[in-house]
S.K.: 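Okay, here's the structure, questions in a sec.
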Amino acid sequence: MTEMGNKARGWMSAAVALVLLAGCASQSGRAPVEDRAGTAVVGAGEPARSPPGAENAGKPGYYSVRKGDTLIRIGLETGQNWRDIARWNNLDNPNSIEVDQVLRVVQPARPTVVAVSPPGGVTSSSGVVTRPVSPSGITPVPVPPAGTNGSSSSVTSSASTTSEPATTSSAPISSASDDEPKFIWPTNGTLLAGFDEQRNKGLDIGGQAGSSVVAAADGRVVYAGAGLRGYGNLIILKHNNTYLTAYAHNQALLVKEDQSVKKGQKIAEMGSSDADRVKLHFEVRRQGKPVDPSKFLPPRQ
């Protein structure tokens with residue numbers, strides 16, 4: 001009986017050992033499979049996400065965001081109001097842009113509205129009949145009623161009208177023309193550094209802290225603040241669709257964004273914000289590209 005009991009206990013011990021071994025083997029084999037499966041599932045079959053607007057990369061009127069860019073800098077580089085760029089691209093958060101994102105930096109064209117008369121023409125209250133638009137797109141000519149001298153001044157008609165681009169801001173640009181504005185010097189003082197396309201994108205003019213800084217031409221304030229590294233307290237004026245001017249390193253800003261200013265109006269006080277000394281850094285930009293301001297300014301007295 002004892003011998004049989006010992007054998008039974010031996011068989012039970014062997015069975016328990018086999019169960020434990022099987023369980024360990026099962027557990028040790030399952031974890032790597034789950035890990036591999038998890039690794040395979042993440043991103044499996046999914047293409048890499050393209051940055052917003054990538055389909056427009058390289059097209060005219062679009063800008064690919066580079067490292068370190070902000071909307072303010074992009075506006076300066078493209079000659080646009082940064083708020084307009086935010087609106088054209090439906091950016092709820094102007095600070096949320098990413099490298100290689102492609103932004104529209106030219107105002108979208110508005111569709112042409114064509115007025116088409118119904119077949120047979122329309123008779124106005126004056127009895128004048130306007131012919132419908134022909135397929136060839138020829139402008140319809142009003143037919144005067146009998147007894148008139150046929151003068152074109154009696155009726156004005158047009159087959160099609162093109163809507164004018166909406167003003168980009170509630171405040172008008174002082175100079176509606178894209179012609180070169182008549183610039184004046186923005187401040188008195190010693191010329192410290194001239195224009196260099198690579199090293200200095202404008203003129204550096206020395207002076208005393210608090211010296212007046214004036215608008216070089218009529219325009220509208222499209223930026224006033226300290227959000228552009230290297231420029232300190234900065235004002236950017238837009239004069240028309242071609243020209244911007246920038247006024248950097250001020251100690252005080254006396255105008256606000258969207259405000260219209262006149263040539264010679266005091267807009268800031270000279271300072272040394274984000275600079276090694278008191279000075280005004282003055283830039284002229286044509287379609288966003290920095291150009292030598294001295295070529296646009298009158299000779300100094």
S.K.: Donor-acceptor pair, Q80 side chain versus G75 backbone, under 3.5 Å?
M.R.: no
S.K.: Is any side-chain heavy atom of Q101 closer than 4.5 Å to one of P52?
M.R.: yes
S.K.: Do you know which two heavy atoms are closest between L237 and A217, and how far apart they sit?
M.R.: CD1-O, 4.4 Å
S.K.: Does the side chain of V99 come within less than 4.5 Å of D69's, by heavy atoms?
M.R.: no
S.K.: Measure the OG1-CH2 distance between T70 and W82 for me, rounded to the nearest 0.5 Å.
M.R.: 9.5 Å
S.K.: Name all pairs fulfilling the salt bridge (Lys or Arg N to Asp or Glu O under 4.0 Å) condition that reach into residues 95-105, sequence neighbours left out, sorted by first residue then second.
M.R.: R49-E98
S.K.: Looking only at heavy atoms, which two atoms of A54 and V102 are closest? And how far apart?
M.R.: CA-CG2, 4.0 Å
S.K.: Any side-chain heavy atom of K266 sitting closer than 4.5 Å to one from V255?
M.R.: no
S.K.: Before accepting this row, confirm whether a basic side-chain N of the pair R83/E257 lies closer than 4.0 Å to the acidic partner's carboxylate O.
M.R.: yes
S.K.: Do N250 and V213 have side chains that approach each other closer than 4.5 Å (heavy atoms only, starting at C-beta)?
M.R.: yes
S.K.: List the residues meeting ring-ring contact (aromatic ring centres under 6.0 Å, His included) with Y63, not counting sequence neighbours, and say none if there are none.
M.R.: none
S.K.: With a 4.5 Å cut-off on side-chain heavy atoms, are T187 and V214 touching?
M.R.: no
S.K.: Going by heavy atoms in the side chains, are I74 and V65 under 4.5 Å from each other?
M.R.: yes
S.K.: Are any side-chain N or O atoms of S96 and backbone N or O atoms of N93, one a donor and one an acceptor, separated by less than 3.5 Å?
M.R.: no
S.K.: Using side-chain heavy atoms (C-beta onward) and a distance below 4.5 Å, is P181 in contact with N240?
M.R.: yes
S.K.: Which of these, L234, D274, N200, sits in a side chain to side chain contact (heavy atoms under 4.5 Å, CB included) with H281?
M.R.: N200
S.K.: I'd like to know if the side chain of N89 and the backbone of L91 have a donor-acceptor N/O pair within less than 3.5 Å.
M.R.: no
S.K.: Distance from L253 atom CG to I267 atom CD1, nearest 0.5 Å?
M.R.: 8.5 Å
S.K.: Between K289 and E77, does any NZ, NE, NH1 or NH2 come within less than 4.0 Å of an OD or OE carboxylate oxygen?
M.R.: no
S.K.: Please enumerate all residues that pass ring-ring contact (aromatic ring centres under 6.0 Å, His included) together with F296, with sequence neighbours excluded.
M.R.: Y243
S.K.: Output, in order, the C-alpha distance, side-chain angles, deciding distance and verdict of side-chain contact (heavy atoms from CB on, under 4.5 Å) for N233 and Q251.
M.R.: CA-CA 7 Å; N233 293 323; Q251 75 171 13; 5.6 Å; no
S.K.: Where do V261 and A215 come nearest, in terms of heavy atoms and distance?
M.R.: CG2-CB, 4.0 Å
S.K.: Applying the 4.5 Å side-chain criterion to the ILVMFWY set and letting contacts propagate, would F195 and I184 be lumped into a single cluster?
M.R.: no
S.K.: Could K295 and D292 be called an ion pair, given the rule that one side-chain N must be under 4.0 Å from one carboxylate O?
M.R.: no
S.K.: Between atom OG of S212 and atom CG of L254, what is the distance when rounded to the nearest 0.5 Å?
M.R.: 8.5 Å
S.K.: Taking ring-ring contact (aromatic ring centres under 6.0 Å, His included) as the definition, give me every residue that meets it alongside Y62, ordered by chain and number, with sequence neighbours left out.
M.R.: none
S.K.: Got a sec, which pairs hit salt bridge (Lys or Arg N to Asp or Glu O under 4.0 Å) with one end in residues 196-217, sequence neighbours left out?
M.R.: D196-R199, D204-K279
S.K.: Check whether any side-chain N or O of Y231 sits under 3.5 Å from a backbone N or O of I235 as a donor-acceptor pair, and report yes or no.
M.R.: no
S.K.: Ring pair (Phe, Tyr, Trp, His ring centres under 6.0 Å): which pairs involve residues 244-276, sequence neighbours left out?
M.R.: Y247-F282
S.K.: For the residue pair R220 and V222, establish whether any side-chain heavy-atom pair is separated by less than 4.5 Å.
M.R.: yes
S.K.: To the nearest 0.5 angstrom, please state how far the NZ atom of K238 sits from the OG1 atom of T245.
M.R.: 12.0 Å
